[in-house]
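Below: the structure, in structure tokens.
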2 protein chains.
Amino acid sequence: MNSKMDSQTQILEIAERRMRISGYNAVSYRDIAGDLGIKSSSLHYHFPKKEDLGMALVQRYSQLFQQRLETQTKSLTHPKDKLAEFIDIYRHALIKQKLVCLCAILGAEAPGLPPMITKEVNTFFEANIAWLKDIYTDLKCKNAATLATSTLSLLEGAMIVSSVNKNNDIFEAAAELIEQQFIISSK
Amino acid sequence: MNSKMDSQTQILEIAERRMRISGYNAVSYRDIAGDLGIKSSSLHYHFPKKEDLGMALVQRYSQLFQQRLETQTKSLTHPKDKLAEFIDIYRHALIKQKLVCLCAILGAEAPGLPPMITKEVNTFFEANIAWLKDIYTDLKCKNAATLATSTLSLLEGAMIVSSVNKNNDIFEAAAELIEQQFIISSK
DNA sequence: GTCTATAAGATGATAGAC
DNA sequence: GTCTATCATCTTATAGAC
């Protein structure tokens, strides 16, 4: 299904995977090039500086997230169903891909990253929060802003704790709490 | 107040600060030695391998956390007050120290770290979860296990999102949600 | 405990051939 | 687009003097 992937996309797929395992600084041009069977100097043709690669990674991650969110929710009418799909994108990242969110790991490392990359991670979070706030507003929750930031925080945190403790139940407990108690308790 | 700090402690303080800014791989013996005004080779006397330093860092972080938790809660009788103190330790780390939790950043990088360090981060999370589960059990919450893992996840995640978005309100929203709705909604 | 000296390897990055 | 060759710099780490 990915046989026609162009070089840029192939590079980004591999780099994303590696960065979601061990972070920004642990990933080298050599590692990525090795996976692709090319030389590290060839990578610099596509992404001259590491910062360019990092920026492209976060931008692509954000873009794909928004696309999936739109695709998976466009036919849904109930905000609760839309929220379930939002959670499902995070679930897919953790349980199917077996990786934490790119912005969870880059977010944790943010103060030590090039400022442009930190800004891009910030934009990802802001977009998530805005989308969630609309959902909670539609659900007539009086504390929509609090629920929005806390939903994002809980999902990002649960990915990390689940990953470290190798226990998906931790993520599922968070998902259940959001879907059941966040909404019910605040109406 | 820290004038009599021995070398080991000084090293650990500086290394912890740096790792909580940019992660495990971004911190070098040179950086730490530079802050201390000594040579990197001197650091190897105290911590022969980087893994030794990493292990000592997480163990010390866990130990200090447990100590603070005990000190701040021993005179308290109500579980709700104890929970507030637990949250306050996280708040202090984020708002006073202006850093995320060491185990949030190492947890995110965990799959790429030496296994012993990952195990130590896991132990920190487990201890937190066990303490929280006791609190929620005392509060007669029927879903104590879910609330325990989700409280930890929410605090860790909120630190990261607050840090990236430079907005402490995100952390405070999470704290409020835990103190008010986690308990009330589940009784 | 801290220093100098040193090592082997990794890192991001560039110049220029094909 | 990818290669070879090369670079300065940084990295963890060790040996041995003071």
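This one's a predicted model, so the numbers in the text were calculated from it and none came from an experiment. Side chains are part of it too, since the values below use all heavy atoms of this structure and drop only hydrogens, waters and symmetry mates. Residue numbering restarts at 1 for every chain, and letters A, B, ... go by the order of the sequence lines.
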Is a salt bridge present between K133(B) and E126(B), judged by a nitrogen-to-oxygen distance below 4.0 Å? no
D35(A)/R18(A) salt bridge by N-O under 4.0 Å criterion: yes
Is it the case that K39(B) places NZ or CZ above or below the six-membered ring of Y29(B), under 6.0 angstrom from the centre and within 45 degrees of the axis? no
Here the residues of residues 44-59 of chain B within 4.0 Å heavy-atom distance, strictly under, of DNA chain C are Y45(B), H46(B)
Protein-nucleic acid N or O pairs under 3.5 Å, nucleotides 3-10 of chain D:
| unit_1 | atom_1 | unit_2 | atom_2 | d |
| --- | --- | --- | --- | --- |
| dC3(D) | OP2 | K39(A) | N | 2.7 |
| dC3(D) | OP2 | S42(A) | OG | 2.9 |
| dT4(D) | O4 | S41(A) | OG | 2.8 |

Applying side chain to side chain donor-acceptor pair (under 3.5 Å), name anything that partners Q97(A), two or more places apart in sequence or on another chain. R20(A)
In this structure, how many angstroms lie between the C1' atom of dT2(C) and the CG atom of L43(B), rounded? 11 Å
Tell me if the CZ atom of R17(A) is crowded by more than 12 foreign heavy atoms within 6.0 Å. no
Return the value, rounded to whole Å, for the distance between atom CD1 of I32(A) and atom C1' of dA13(C). 14 Å
Look at K49(A) together with D52(A) and state whether they make a salt bridge at an N to O cut-off of under 4.0 Å. no
Salt-bridge contact R91(A)-E172(A) (side-chain N to carboxylate O under 4.0 Å): yes
Relative to each other, are the rings of W131(B) and F86(B) parallel, tilted or perpendicular (30° and 60° limits)? parallel
Roughly, in whole Å, what's the span from CG in N25(A) to P in dG12(C)? 9 Å
